[in-house]
Peer 1: 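Quick one: the structure is below, and I'll ask about it shortly.
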Amino acid sequence: MSGKHYKGPEVSCCIKYFIFGFNVIFWLLGLTFLGVGLWAWSEKGVLSNISSITDLGGFDPVWLFLVVGGVMFILGFAGCIGALRENTFLLKFFSVFLGIIFFLELTAGVLAFVFKDWIKDQLQFFINNNIRAYRDDIDLQNLIDFTQEYWQCCGAFGADDWNLNIYFNCTDSNASRERCGVPFSCCTKDPAEDVINTQCGYDVRQKPELDQQETIHTKGCVPQFEKWLQDNLTIVAGVFIGIALLQIFGICLAQNLVSDIEAVRASW
């Protein structure tokens, strides 16, 4: 009898430290996103004047960093501390929170497929709303410029959408030098030019549409985005499936660790 030892249930060290290591990285990434967001708000003076958060008529890209960073920080903290301290409450919170995110992503994907026309209308409304606020925020301006350059588009459905902006509209009362123009990000790029011509869109919408096509992209960003999705459907689907599998894998590992911890405690 002295040579025999009873071996009860044990917590898997591999699962425990895998969850811990993965969530440390996740937590640090979330902290970085939050830091970048708060730094951007500090540079824009938002932190010294909180009421200015609601002043911007369009979308402030900093919110994306703060929301994504906040979610990553909370998930990473719960998974990291929960695994290290074998805290079943934090591990269950991690699993449920990750499950809710997965469910919301799945719901959003189904609704986007079923209500494609509504999504297109909302995307047009979102872009047009941000066109109005183009000069109000440097981060928003950079986001719009990047979008128009990347998808080689201009406005939501065409260059005339820039009539919504007080600096680019073609009304007689507009005294801006950018009147009846478009931002430089709408312009077609000349490979021979090393320096960006930021005035390339001036007065361009006073020309006939055929002449405009020689200078700017006349297709809207909504149809160009749809075309990009169709051309890259396999890659986009692969990315979403990969993220979904990673989330399911995380939930299963966390639940497995919770079961091991509860089994060990029950055997005491």
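Computed from a prediction, not measured in an experiment: that's the story for all the values here. Positions are given from 1, in the same order as the sequence printed here. Values reported hereafter were calculated over all heavy atoms of this structure, with side chains retained and with hydrogens, waters and symmetry mates removed.
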Peer 1: Please say whether more than 12 non-hydrogen atoms of neighbouring residues, nucleotides or ligands are located less than 6.0 Å from CG in L104.
Peer 2: yes
Peer 1: Can you tell me how far apart CD (E214) and OG1 (T218) are? Round to the nearest 0.5 Å.
Peer 2: 11.5 Å
Peer 1: Can any side-chain N or O of R132 pair as donor or acceptor with the backbone N or O of L164 at less than 3.5 Å?
Peer 2: no
Peer 1: Please give me the minimum heavy-atom distance between Q247 and L98, naming the atom from each residue.
Peer 2: O-CD2, 3.5 Å
Peer 1: So does I19 get a backbone contact from the side chain of N23, meaning a donor-acceptor N/O pair under 3.5 Å?
Peer 2: yes
Peer 1: Is L84 reachable from L28 through a run of I, L, V, M, F, W or Y residues, each pair having side-chain heavy atoms under 4.5 Å apart?
Peer 2: yes
Peer 1: Answer yes when D172 and R179 have at least one side-chain N-carboxylate O distance shorter than 4.0 Å, and no when they do not.
Peer 2: yes
Peer 1: Cation-pi check, K16 to F20: give yes when NZ or CZ is under 6.0 Å from the six-membered ring centre and within 45° of the ring axis, no otherwise.
Peer 2: no
Peer 1: Test your reading of the model: is there a side-chain donor-acceptor pair from N174 to the backbone of C170, 3.5 Å cut-off?
Peer 2: no
Peer 1: To the nearest 0.5 Å, what is the distance between CD1 (I166) and CG (N163)?
Peer 2: 13.0 Å
Peer 1: Tell me if the aromatic rings of Y134 and W162 count as close, with their centers under 6.0 Å from one another.
Peer 2: yes
Peer 1: Answer yes or no: is there a side-chain heavy-atom contact under 4.5 Å between D145 and P183?
Peer 2: yes
Peer 1: With side chains defined as the heavy atoms from C-beta onward, is the minimum distance between W118 and Q122 less than 4.5 Å?
Peer 2: yes
Peer 1: Mind checking whether W151 and H217 have side chains closer than 4.5 Å, heavy atoms only?
Peer 2: no
Peer 1: Kindly say whether W228 contributes a backbone atom to a donor-acceptor pair with the side chain of N232 at under 3.5 angstrom?
Peer 2: yes
Peer 1: How close do A159 and Q212 get, counting heavy atoms only, and between which atoms?
Peer 2: CB-OE1, 4.5 Å
Peer 1: Please give me the minimum heavy-atom distance between V24 and C80, naming the atom from each residue.
Peer 2: CG2-SG, 3.5 Å
Peer 1: Is it the case that the side chain of N256 and the backbone of I15 share a donor-acceptor pair, with hydrogens and angles ignored and the cut-off at 3.5 Å?
Peer 2: no
Peer 1: Of the non-hydrogen atoms in Q255 and S95, which two are nearest, and what is the gap between them?
Peer 2: NE2-CB, 3.5 Å
Peer 1: Take a 6.0 Å sphere around OH of Y167 and say whether it holds more than 12 heavy atoms from other residues, nucleotides or ligands.
Peer 2: no
Peer 1: Taking the side chain as every heavy atom from C-beta outward, state whether F157 and K120 have any atom pair closer than 4.5 Å.
Peer 2: yes
Peer 1: Could you state whether I127 and F125 fall into the same hydrophobic cluster, counting links through intermediate Ile, Leu, Val, Met, Phe, Trp or Tyr residues with side-chain heavy atoms under 4.5 angstrom apart?
Peer 2: no
Peer 1: Hey, is the main chain of G155 close enough, under 3.5 Å, to the side chain of Q148 for a donor-acceptor pair?
Peer 2: yes
Peer 1: Roughly how far, to the nearest 0.5 Å, is CD of E209 from CG of D160?
Peer 2: 8.0 Å
Peer 1: Is there a disulfide between C186 and C153 in this structure (defined here as SG atoms under 2.5 Å apart)?
Peer 2: no
Peer 1: Can you tell if the side chain of T188 reaches within under 4.5 Å of the side chain of I216, non-hydrogen atoms only?
Peer 2: no
Peer 1: On a heavy-atom basis, which atom in F94 and which in A78 lie closest, and how many Å separate them?
Peer 2: CB-CB, 4.3 Å
Peer 1: Is there a side-chain contact between I261 and L91 in this structure, where contact means two heavy atoms from C-beta onward sitting under 4.5 Å apart?
Peer 2: yes
Peer 1: Check for a donor-acceptor pair, side chain of N87 on one end and backbone N or O of L90 on the other, with a separation under 3.5 Å.
Peer 2: yes
Peer 1: Determine, stepwise, if the pair D137 / V62 fulfils side chain to side chain contact (heavy atoms under 4.5 Å, CB included).
Peer 2: CA-CA 11 Å; D137 183 81; V62 175; over 6 Å; no
Peer 1: Supply the atom-to-atom distance F65 CZ to F33 CZ, rounded to the nearest 0.5 angstrom.
Peer 2: 6.0 Å
Peer 1: Are the side chain of T198 and the backbone N or O of F184 linked by a donor-acceptor pair below 3.5 Å?
Peer 2: no
Peer 1: Could you state whether I241 and I248 fall into the same hydrophobic cluster, counting links through intermediate Ile, Leu, Val, Met, Phe, Trp or Tyr residues with side-chain heavy atoms under 4.5 angstrom apart?
Peer 2: no
Peer 1: Within the 4.5 Å heavy-atom criterion, are L246 and F22 side-chain neighbours or not?
Peer 2: yes
Peer 1: Determine whether the interatomic SG-SG distance for C221 and C154 falls below 2.5 angstrom.
Peer 2: no
Peer 1: Between E149 and K189 (salt bridge meaning N to carboxylate O under 4.0 Å), is one present in this structure?
Peer 2: yes
Peer 1: Could you check whether R265 pairs with E86 (Lys NZ or Arg NE/NH1/NH2 to Asp/Glu carboxylate O, under 4.0 Å)?
Peer 2: no
Peer 1: Hey, is E178 close enough to R135 for a salt bridge, meaning N to O under 4.0 Å?
Peer 2: yes
Peer 1: Hey, what do you get for CG (N129) to CG (L140), rounding to the nearest 0.5 Å?
Peer 2: 9.5 Å
Peer 1: Do V68 and F103 sit in the same hydrophobic cluster, where Ile, Leu, Val, Met, Phe, Trp and Tyr count as joined when their side-chain heavy atoms come under 4.5 Å apart?
Peer 2: no
Peer 1: Please check this pair: side chain of D161 against backbone of A156, looking for a donor-acceptor N/O pair closer than 3.5 Å.
Peer 2: yes
Peer 1: Looking at Q141 and D136, would you say the former's side chain and the latter's main chain have a donor-acceptor pair under 3.5 Å?
Peer 2: no
Peer 1: Does the salt bridge (charged side-chain N to carboxylate O under 4.0 Å, His left out) test come out yes or no for K116 and E226, once each step is laid out?
Peer 2: CA-CA 11 Å; K116 287 185 285 188; E226 288 180 317; over 6 Å; no
Peer 1: Once rounded to the nearest 0.5 Å, what's the spacing between atom OG1 of T215 and atom OH of Y202?
Peer 2: 15.0 Å
Peer 1: Are L75 and I101 side-chain neighbours, meaning at least one heavy-atom pair lies under 4.5 Å?
Peer 2: yes
Peer 1: Identify the heavy atoms of L123 and F225 that sit nearest to each other, and give their distance.
Peer 2: CD2-CD2, 4.0 Å
Peer 1: Should L233 and F240 be counted in the same cluster of Ile, Leu, Val, Met, Phe, Trp and Tyr side chains packed under 4.5 Å apart?
Peer 2: no
